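Data block below; observations after.
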There are 2 protein chains.
Amino acid sequence: MESWRDVTCPIQRTAMLFADVYIIMILRDLATGQKRFTELQQAGINPRILSQRLKMLTREGVISRTRFVEKPPRVEYALTPKGLALMPILDALKTFGEKYLPLDDNASSSSSS
Amino acid sequence: MESWRDVTCPIQRTAMLFADVYIIMILRDLATGQKRFTELQQAGINPRILSQRLKMLTREGVISRTRFVEKPPRVEYALTPKGLALMPILDALKTFGEKYLPLDDNASSSSSS
DNA sequence: CCGTATCCGAAGGGATACTG
DNA sequence: CAGTATCCCTTCGGATACGG
């Protein structure tokens, strides 16, 4: 498919950039405050994918990368104002999921009769 | 990555199902009323992909498929109530796109000085 | 700690032709 | 009209090991 810049529909433009489950996971985790690389990995994203997505999100201006010159080195990722503007999308995903994708609660139960 | 059913976060569950640009394009087009297969193709989705996504969306209960026994055969796809519940997500995508992904307007202009 | 490099199999998707 | 089948190339991503 073409680049998002070649598309005029704002829905599709946004989707072409951010409709990716890894990106959404990262944004979700940053919604509660700045996070470090390792912390973001905990969500179950491998370092290669994570690095790649963080680069892209930084390039698009939705997250910031702050490098603290310490030992050991520390890097914090945080939402920018543009990134904050994506939060309504996550809210809508959440609302839908809670209502229409309820948990089956058959996960941890092994002793039910 | 695992199945969306193995995930508890409602944001991620929804994203794992619907964070796909083709799905979003289809939902966008159905938002304005029921559409036929060929009409949906006009958005620039090839028949293989379109068929695949329509099947999945039907299986998940967000669209309905109505077959009219005519000659030539006619099939109409439409949003279900569950599909309508996805509209806030598209609204949020649209709002973001309009504000933060403005058109570069260098596409069709060739005679501006 | 924060990534990057490499390997490699799996999946995705464009084009095209074809069938009920 | 509404899809399905096939081909084949590209991309993606999981795992792992390593470098600054």
Side-chain angles (χ1 to χ4, degrees), chain A residues 1-7 12 15-30 33-60 62-79, chain B residues 1-7 12 15-30 33-60 62-79:
Chain A
M1 191 176 292
E2 342 92 299
S3 158
W4 66 271
R5 294 181 187 278
D6 300 327
V7 172
Q12 191 176 343
M16 289 176 81
L17 277 168
F18 304 114
D20 171 84
V21 69
Y22 299 103
I23 287 178
I24 291 165
M25 289 166 72
I26 293 168
L27 295 174
R28 173 200 60 191
D29 292 344
L30 292 182
Q34 55 178 26
K35 296 276 179 304
R36 310 172 59 157
F37 192 90
T38 317
E39 292 179 287
L40 293 169
Q41 263 190 278
Q42 309 310 317
I45 311 178
N46 82 46
R48 200 179 60 91
I49 304 296
L50 180 57
S51 170
Q52 188 177 303
R53 297 300 194 278
L54 289 173
K55 268 202 180 64
M56 178 271 188
L57 291 171
T58 304
R59 187 179 348 112
E60 295 303 333
V62 301
I63 66 172
S64 62
R65 180 181 186 277
T66 308
R67 181 181 169 70
F68 295 85
V69 203
E70 304 176 358
K71 264 209 73 154
R74 184 160 62 101
V75 175
E76 298 272 8
Y77 292 94
L79 295 175
Chain B
M1 193 176 294
E2 342 92 299
S3 158
W4 66 271
R5 293 181 188 279
D6 300 328
V7 172
Q12 191 177 343
M16 289 175 80
L17 277 168
F18 304 114
D20 171 84
V21 70
Y22 300 104
I23 287 179
I24 291 165
M25 290 165 71
I26 293 168
L27 295 174
R28 174 199 61 191
D29 292 344
L30 292 181
Q34 55 177 28
K35 296 276 178 308
R36 310 173 58 157
F37 193 89
T38 316
E39 292 179 287
L40 292 170
Q41 264 189 277
Q42 309 310 318
I45 310 180
N46 84 47
R48 200 179 59 90
I49 304 295
L50 179 58
S51 170
Q52 187 178 303
R53 296 299 195 278
L54 289 173
K55 268 202 178 67
M56 178 272 190
L57 291 172
T58 305
R59 186 180 347 114
E60 296 302 332
V62 300
I63 66 173
S64 63
R65 179 181 186 276
T66 309
R67 181 181 169 70
F68 294 86
V69 203
E70 304 174 356
K71 263 207 75 152
R74 184 161 62 100
V75 174
E76 297 273 9
Y77 292 95
L79 295 175

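In what follows, chains carry the letters A, B, and so on, assigned in the order in which the sequence lines appear, proteins first and then strands, with residues in each chain numbered from 1. Because the structure is a prediction, the values reported are computed rather than measured.
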Compute the bend angle of the helix from dC1(C)-dG20(D) to dG20(C)-dC1(D) from the end axes (five pairs per end), rounded to 10°. 50°
Ignoring the backbone of S51(A), work out which of dC1(C), dG3(C), dG14(C) is nearest its side chain. dG3(C)
In whole angstrom, give the distance that lies between atom CD of Q52(B) and atom P of dT4(D). 10 Å
To the nearest 0.5 Å, atom CG of L40(B) lies from atom CD1 of I45(B) at 7.0 Å
side-chain contact (heavy atoms from CB on, under 4.5 Å) between V62(B) and L17(B), intermediate numbers included: CA-CA 11 Å; V62(B) 300; L17(B) 277 168; over 6 Å; no
For the pair made of CD1 in I45(B) and P in dG3(D), what is the distance, rounded to whole Å? 13 Å
Rounded interatomic separation in angstrom, taking CD1 from I23(A) and P from dC12(D): 11 Å
dG13(C), dG3(D), dG13(D): which one has an atom nearest the side-chain heavy atoms of R53(B)? dG13(C)
Would you mind writing out the side-chain donor-acceptor pairs for residues 20-27 of chain B within the sub-3.5 Å range, not counting sequence neighbours?
{"residue": "D20(B)", "atom": "OD1", "partner": "R53(B)", "partner atom": "NH2", "Å": "2.9"}
{"residue": "D20(B)", "atom": "OD2", "partner": "Y22(B)", "partner atom": "N", "Å": "3.0"}
{"residue": "D20(B)", "atom": "OD2", "partner": "I23(B)", "partner atom": "N", "Å": "2.9"}
{"residue": "D20(B)", "atom": "OD2", "partner": "R53(B)", "partner atom": "NE", "Å": "2.9"}

Distance check needed: dC1(D) C1' versus E39(B) CD, whole Å only. 12 Å
Using a cut-off of strictly less than 4.0 Å, decide whether R65(B) has a side-chain nitrogen or oxygen near OP1 or OP2 of dG3(D). yes
Starting at CE of M1(B) and ending at P of dC12(D), how long is that distance when rounded to a whole Å? 14 Å
Looking only at non-hydrogen atoms, find the nearest pair between L30(A) and Y77(A) and report the distance. CD2-O, 3.4 Å
Using a cut-off of less than 4.0 Å, is there contact between a side-chain N or O of K55(B) and OP1 or OP2 of dG3(D)? no
Looking at R36(B), does any N or O in its side chain come under 4.0 Å of the phosphate oxygens OP1/OP2 on dA2(D)? yes
Quick check: closest heavy atoms across L50(A) and F37(A), and the distance to 0.1 Å? CD2-O, 3.5 Å
Yes or no on side-chain contact (heavy atoms from CB on, under 4.5 Å) for M56(A) and E60(A), after CA distance, side-chain angles and deciding distance? CA-CA 6 Å; M56(A) 178 271 188; E60(A) 295 303 333; 4.0 Å; yes
Any T38(A) side-chain nitrogen or oxygen under 4.0 Å from OP1 or OP2 of dC1(C): no
Where do N or O atoms of nucleotides 15-18 of chain C meet protein N or O atoms at under 3.5 Å, pair by pair?
none

Remember a base hit wins even if backbone is also touched, and classify F68(A) as base, sugar-phosphate or nothing at under 4.0 Å, heavy atoms. nothing
Shortest non-hydrogen separation from S3(B) to M16(B) and the atoms involved: C-CE, 3.8 Å
Give a yes/no on whether any side-chain N or O of Y77(A) is located under 4.0 angstrom from OP1 or OP2 of dG3(C). yes
Which atom names give the shortest non-hydrogen contact between R36(A) and P73(A), and what distance separates them? NH2-O, 4.0 Å
Just the rounded figure in Å: distance from P of dG13(C) to CG of L50(B). 13 Å
Got a second to check how far Q12(A)'s CD is from D6(A)'s CG, nearest 0.5 Å? 10.5 Å
Exercise: identify the closest heavy-atom pair between K35(B) and D29(B): NZ-O, 3.3 Å
Please give, in whole Å, the distance from dG13(D) P to Q41(A) CD? 16 Å
May I have the distance from I49(B) (atom CD1) to dT10(D) (atom P), rounded to whole angstrom? 17 Å
Picking from dG13(D), dG14(C), dG3(C), which would you name as closest to the side chain of Y22(A)? dG13(D)
